[in-house]
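Worksheet: the structure to be examined is printed underneath.
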Amino acid sequence: MIDEFPRVRFAPSPTGYLHVGGLRTALYNYLFAKHNNGKFILRIEDTDRNRFVEGAVENLISSLKWCGLEYDEGPDIGGSFGPYMQSMRLELYSKHAQELIENGHAYYCFCTPERLDALREEQQRQKLPQAKYDKHCLHLSKEEINENLESGIAKVIRLNVEPNHKIVFSDIIRGRVEFDSNNVDDQVLIKSDGYPTYHLANVVDDHLMKITHVVRGEEWLSSTPKHVLLYDFFNWEKPEFAHLPLLLNPDRTKLSKRQGDVAVEDYRAKGFLKEGLINFVALLGWNAGDDKEFYYMNELIEKFTLERVNKAGAVFDLDKLNWLNAEHLRKKSDEEILPMLKEEIIRASYDMSKFSDDYLLKIISTMKERVSFVREYLTKSPYFFEAPTEYEQSSIQKNWKEETPEQISKLYDAFTKLNNPTKEDYEIALAKTAEELNIGKGKLIHPLRLSVSGISTGPGVFDLLVTLGKEETLKRIKTAIGKIKI
RNA sequence: GGCCCCAUCGUCUAAUGGUUAGGACAUCGCCCUUUCACGGCGGUAAUAUGGGUUCGAAUCCCGUUGGGGUCACCA
């Protein structure tokens, strides 16, 4: 436990949706905060006006909330350190950039994009190991700078990185990391449109919002020296850093849209449970050190520590997600599943009024061990929602013989005599019929299943009959006798 | 290419100098079940590589190889 209660943030850029990699980052931040009785903060990094996407923030928030990642401070709920949208904090960044200019740690740059392009090209042509800004504008005279400023030509503010020294910081996950300042570029801090870049904004905000731990993806590791420099230039205490390993495609490249679904909303739409997704994502790069794999959120909170986060990237393995999702679904009570099933029934545009809760509950208990998604109650056992209109061809070939219609008719007669039958009643009636016919029970069971369900797989036949009810069962047998042709 | 990070079964991972290198998913086989699942039992399958250090290395150090990230007025 950390003595001071930690404050961590999830700071996404609102580019449209919540990426599962972002979910993992958000989750680890959340778990770390909750485990240590700290605060979890949502901050929107919308400093790139070119990447503005309508509705992206709302979408992000709704995905986060669906997953159960409630934040203590954020753009829609406020907090003591707001606003939580960087686009609403512009004066703060320029004020701090000014301070840096006064100290000589930053400087105005008036170079045109054309000059910068040419510079890069030239450096590439010379095969210089590292393409960097050449500090051209650092050497401008006071007069030149003032003249440029007054003339109103486009300007940016750059970080003034001193050459020839080591920048060292420590990362909770990776240990000591060292960079040579010669490899750190004079990063733009304030763009020509007056907006800050990520590097300035995240440092200023993390400081002002009293963030104690920066937990973010590994893609930020190589720009961390710039942030470290900024903290030093401002004379601010640095937060702890923890750079999380990346989530990968099956081919081990960074998880991308091209190779499958990456948005949380995609998984939600496909019918994954938030419990399954969270459980799965939590295990991508972290484990408690034991064999436990099935977790609820509260258990994750209890067990999670950053020290047990792995260093290496993890492949997003759909097979395991499917399995965990099925585990979570099976652990739910029938009553919990009921409303979810109703939703799917409506989505499938069946007439809900035809199905009583009692009937649906029976379906749930009989199918529970056979489904991995709520939707599969419909797709794996459509016969509970409408009588079969077709019969599986392979099962007909295997189970429907010339003598079958007559035998099944006998079974029909036996069932007719039953009064409010239980599973056992059906079973006894069938056994007796088989005996009278002098045939094995299988000769009746398989055709019976085919008749009432149209397919050859599913719950035990007698459970199936009980769920369907006597009337419906008889009706379906009769129909089948008439319709199934060898 | 420069810089940085990383490396245990196909995949997620355990083993913080001494284990027959463990578990889970996937896969295969058997059992349960006159179906399909669930469940149970079992099998195949890994320390990238070369050097050190050590009585002893998956574990510590160095090299190699491989992979990834990053090198924007994007985050």
Side-chain angles (χ1 to χ4, degrees), chain A residues 11-15 45-51 86 109 111-113 116-117 120 124 127-133 154-158 171 173-175 177-180 182-185 187-199 201-202 216-225 243 245-246 248 250-254 280 283-294 310-324 326-327 330 367-372 380-381 395 398-399 440-446 448-450 453 455-461 464:
Chain A
S13 148
T15 50
E45 311 242 328
D46 57 345
T47 55
D48 185 358
R49 289 194 292 181
N50 300 319
R51 291 223 277 177
Q86 291 188 325
C109 172
C111 292
T112 60
L116 296 175
D117 285 347
R120 246 188 302 266
Q124 237 163 46
K127 294 229 188 317
L128 288 182
Q130 163 78 19
K132 272 172 41 176
Y133 180 62
K155 61 173 190 298
V156 301
I157 296 176
R158 284 182 184 275
D171 185 284
I173 294 167
R174 282 148 221 287
V177 185
E178 181 182 301
F179 287 81
D180 190 317
N182 293 326
N183 290 316
V184 180
D185 200 3
Q187 184 66 48
V188 169
L189 301 177
I190 301 280
K191 299 178 262 187
S192 57
D193 64 5
Y195 277 63
T197 56
Y198 170 85
H199 307 284
N202 106 86
R216 74 223 313 183
E218 195 193 333
E219 68 265 32
W220 293 109
L221 191 57
S222 50
S223 48
T224 304
H243 287 94
L246 261 17
L248 311 173
D251 69 357
R252 304 204 75 87
T253 53
K254 188 172 165 183
F280 172 66
L283 260 18
L284 250 25
W286 173 87
N287 74 88
D290 53 28
D291 287 340
K292 186 173 164 71
E293 303 219 71
F294 183 90
N310 282 121
K311 295 179 171 79
V315 173
F316 192 92
D317 177 22
L318 259 166
D319 279 332
K320 195 150 187 174
L321 206 210
N322 284 329
W323 170 73
L324 266 174
E327 289 288 297
R330 279 194 282 268
M367 286 300 292
K368 205 172 194 172
E369 299 304 318
R370 281 161 251 265
V371 301
S372 300
K380 288 196 168 175
S381 53
S395 180
K398 199 172 161 208
N399 302 310
K441 288 193 281 185
K443 289 270 189 267
L444 291 175
I445 288 176
H446 298 296
L448 172 60
R449 171 187 296 287
L450 184 64
S453 78
I455 57 178
S456 60
T457 63
V461 239
L464 217 163

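Every value quoted in this text rests on a predicted model; they were computed, and no experiment measured them. Values below: all heavy atoms of this structure, side chains included; hydrogens, waters and symmetry mates excluded.
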Q.
Pairing check on B:C55: which nucleotide meets the Watson-Crick or G-U wobble criteria with it, both distances under 3.5 Å?
A. B:G18

(Q) Mind checking if A:Thr253 touches a base, just sugar-phosphate, or nothing, with heavy atoms under 4.0 Å? (A) sugar-phosphate

Q) Quantified in whole Å, what is the C1' atom distance between nucleotide B:C38 and nucleotide B:C32? A) 10 Å

Q | Euclidean distance, atom CG of residue A:Asn399 to atom P of B:C36 [Å, nearest integer] | A | 11 Å

Q | B:G17 and B:U27, which share atom name P, separated by this distance in whole Å | A | 37 Å

(Q) Whether the side chain of A:Arg370 and the base of B:C36 hold a donor-acceptor pair under 3.5 Å is what I'd like checked. (A) yes

Q) Quick one: on RNA chain B, does A:Asp291 or A:Arg330 contact a more 5' nucleotide (nearest heavy atom)? A) A:Asp291

Q: Using a heavy-atom cut-off of under 4.0 Å over every strand shown, decide if A:Val461 touches base, sugar-phosphate, or nothing.
A: nothing

Q | Gap in Å between the two C1' atoms, one belonging to B:C6 and one to B:A48, rounded | A | 13 Å

(Q) What is the distance, to the nearest angstrom, from the NE2 atom on A:His243 to the C1' atom on B:G68? (A) 15 Å

Q) Please give, in whole Å, the distance from B:C5 P to A:Arg174 CZ? A) 9 Å

**Q.** Pairwise P distance for B:C62 and B:G69, with rounding to whole Å
**A.** 25 Å

**Q.** From B:C4, B:A24, B:C6, nucleotide with atom closest to A:Trp323 side chain
**A.** B:A24

Q.
I need the A:Thr197 OG1 to A:Arg158 CZ distance, nearest 0.5 Å.
A. 10.5 Å

Q: Just say parallel, tilted or perpendicular for the rings of A:Tyr198 and A:Trp220, cut-offs at 30° and 60°.
A: parallel

Q: Determine the contact category for A:Glu178: base if any of its heavy atoms lies under 4.0 Å from a base atom, sugar-phosphate if only primed atoms, P, OP1 or OP2 are that close, otherwise nothing.
A: sugar-phosphate

**Q.** Inter-nucleotide C1' distance (B:A58, B:G18), Å rounded
**A.** 13 Å

Q: Calculate the interatomic distance between A:Lys132 atom NZ and B:G1 atom C1'; express it in whole Å.
A: 16 Å

Q) Which is true for A:Pro459 with a 4.0 Å heavy-atom rule: it touches a base, it touches only sugar-phosphate, or it touches nothing? A) base

Q: To the nearest Å, give me how far apart CG (A:Asn183) and C1' (B:C3) are.
A: 5 Å

Q) Does the A:Arg51 side chain pair with the main chain of A:Thr15, one donor and one acceptor, at a distance under 3.5 Å? A) no

Q. Can you find a side chain N or O atom of A:Lys254 that sits less than 4.0 Å from OP1 or OP2 on B:U70?
A. yes

Q) For the pair made of NZ in A:Lys311 and P in B:U16, what is the distance, rounded to whole Å? A) 14 Å

Q: To the nearest Å, give me how far apart CG (A:Leu321) and P (B:C25) are.
A: 14 Å

Q.
Within this structure, what is the CG-CG distance for the pair A:Leu321 and A:Leu284, rounded to the nearest 0.5 Å?
A. 8.5 Å

Q) So how far is it from A:Gln86 CD to A:Asn202 CG, rounded to the nearest 0.5 Å? A) 7.5 Å

Heteroatom pairs (N/O) under 3.5 angstrom, protein to nucleotides 71-75 of chain B:
{"from": "B:C71", "atom 1": "O2'", "to": "A:Gln130", "atom 2": "NE2", "distance (Å)": "3.4"}
{"from": "B:C73", "atom 1": "O2", "to": "A:Ser192", "atom 2": "N", "distance (Å)": "2.7"}
{"from": "B:C73", "atom 1": "O2", "to": "A:Ser192", "atom 2": "OG", "distance (Å)": "2.6"}
{"from": "B:C73", "atom 1": "N3", "to": "A:Ser192", "atom 2": "OG", "distance (Å)": "3.1"}
{"from": "B:C74", "atom 1": "OP2", "to": "A:Lys191", "atom 2": "NZ", "distance (Å)": "3.1"}
{"from": "B:C74", "atom 1": "O2'", "to": "A:Asp48", "atom 2": "OD2", "distance (Å)": "2.9"}
{"from": "B:C74", "atom 1": "O2'", "to": "A:Arg51", "atom 2": "NE", "distance (Å)": "3.4"}
{"from": "B:C74", "atom 1": "O2'", "to": "A:Arg51", "atom 2": "NH2", "distance (Å)": "3.3"}
{"from": "B:C74", "atom 1": "O2", "to": "A:Arg51", "atom 2": "NH2", "distance (Å)": "2.8"}
{"from": "B:A75", "atom 1": "OP1", "to": "A:Thr47", "atom 2": "OG1", "distance (Å)": "2.9"}
{"from": "B:A75", "atom 1": "OP1", "to": "A:Lys191", "atom 2": "NZ", "distance (Å)": "2.7"}
{"from": "B:A75", "atom 1": "OP2", "to": "A:Tyr198", "atom 2": "N", "distance (Å)": "3.1"}
{"from": "B:A75", "atom 1": "O3'", "to": "A:Glu45", "atom 2": "OE1", "distance (Å)": "3.2"}

Q) B:G39 and B:C25: how far apart are their P atoms, nearest whole angstrom? A) 8 Å

Q: Keeping the roles fixed (side chain from A:Asp171, backbone from A:Ile173), state whether a donor-acceptor pair exists under 3.5 Å.
A: yes

Q | Exercise: identify the closest heavy-atom pair between A:Thr47 and A:Pro196 | A | CB-O, 3.4 Å

Q) Excluding sequence neighbours, so at least two apart, what forms side-chain contact (heavy atoms from CB on, under 4.5 Å) with A:Glu327? A) A:Phe294, A:Trp323, A:Arg330, A:Lys331

(Q) Working to the nearest 0.5 angstrom, can you tell me the gap between A:Asn322 CG and A:Phe280 CZ? (A) 9.0 Å

(Q) Assess the residue pair A:Lys398 and A:His446 against the criterion (side-chain contact (heavy atoms from CB on, under 4.5 Å)); give the C-alpha distance rounded to whole Å, side-chain angles, the decisive distance to 0.1 Å, and a yes or no. (A) CA-CA 9 Å; A:Lys398 199 172 161 208; A:His446 298 296; over 6 Å; no

Mind listing the N/O atom pairs, protein and nucleotides 8-13 of chain B, below 3.5 Å?
{"from": "B:C12", "atom 1": "OP1", "to": "A:Val315", "atom 2": "N", "distance (Å)": "2.9"}
{"from": "B:C12", "atom 1": "O2'", "to": "A:Leu283", "atom 2": "O", "distance (Å)": "3.1"}
{"from": "B:C12", "atom 1": "O2", "to": "A:Lys320", "atom 2": "NZ", "distance (Å)": "3.4"}
{"from": "B:U13", "atom 1": "OP1", "to": "A:Gly285", "atom 2": "N", "distance (Å)": "2.6"}
{"from": "B:U13", "atom 1": "O3'", "to": "A:Asn287", "atom 2": "ND2", "distance (Å)": "2.6"}

**Q.** Separation between the P atoms of B:U20 and B:G1, rounded to whole Å
**A.** 43 Å

Q) On a whole-Å scale, what distance lies between the P atoms belonging to B:U70 and B:A37? A) 43 Å

Q | A:Phe179 CZ - B:C5 P separation (whole Å) | A | 6 Å

Q) Of the non-hydrogen atoms in A:Cys111 and A:Leu116, which two are nearest, and what is the gap between them? A) CB-CD2, 4.0 Å

